[in-house]
Amino acid sequence: MKISIGCDHGALALKNKVVAHLEKKGHEVKDFGTYTLDSCDYPEFAAAAARAVASGECEKGIVLCTTGIGASIAANKVKGVRCALLHETWSAKMTRLHNDTNMMALGAAVVGEMLAFEIIDTWLGTEFEGGRHARRVEKLMSYEG
């Protein structure tokens, strides 16, 4: 699977570990930065990763910042993106089953490396359930401007 990823300086260390984890699992990763610890603005990197998902260049995307909140908000501003902020595996499973999310966000100060890997693996390994949930996802997407 081709996965976009983006982060700010506050999540650089975790992003680099996530990239290595994804590649080890056989995924292709398109890294939209940041690449240094220099202070930067998370919306730029989250939006770039989100645009890659919305355009179909990447199948899924992961964005990170210190809390995950700002990155998730930025990603959700891109038309066609459904990004869930995740801090545990149950929500990772449910957001794929019921919401067909195509992006997820993590907070580097909230989850550690091993939990991040578990969340990502659960999210990537869960298929959309469809059925009545498809109608609901269609309604969500109809609210976009």
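Using a distance-only test at 3.5 Å, with no hydrogens or angles considered, a donor-acceptor pair links the side chain of Asp31 to the main chain of Gly33. Put simply, the side chain of His9 gets close to the backbone of Cys40: a donor and an acceptor are under 3.5 Å apart.
When the side-chain hydrogen bond (donor to acceptor under 3.5 Å, both in side chains) test is applied to Lys79, no partner is found at least two apart in sequence or on another chain. Applying the side chain to side chain contact (heavy atoms under 4.5 Å, CB included) test to Met141 and every residue at least two apart in sequence or in another chain returns Arg82, Val137, Glu144. With sequence neighbours excluded, no residue satisfies side-chain hydrogen bond (donor to acceptor under 3.5 Å, both in side chains) with Asn102.
No continuous path of hydrophobic side-chain contacts links Met104 to Ile73 [ILVMFWY only; heavy atoms under 4.5 Å]. Residues Ile119 and Leu97 do not share a hydrophobic cluster, clusters being chains of Ile/Leu/Val/Met/Phe/Trp/Tyr side chains in contact below 4.5 Å.
Looking only at side-chain heavy atoms (C-beta outward), Lys60 and Arg96 come within less than 4.5 Å of each other. Side-chain contact check for Asp8 versus Asp41: every heavy-atom pair is 4.5 Å or farther apart. In this structure, the side chains of Leu124 and Met1 come closer than 4.5 Å at one or more pairs of heavy atoms. The shortest side-chain heavy-atom distance between Phe32 and Ser4 falls under the 4.5 Å cut-off.
More than 12 heavy atoms of other shown residues, nucleotides or ligands fall within 6.0 angstrom of atom NZ in Lys2.
Atoms CG and NE2, from Leu14 and His21 in turn, are 11.0 Å apart once rounded to the nearest 0.5 Å. In this structure, the separation between CD on Glu88 and NZ on Lys93 is 12.0 Å, given to the nearest 0.5 Å.
Side-chain atoms of Trp123 and Thr101 form a donor-acceptor pair, as typed in the model, at a separation below 3.5 Å.
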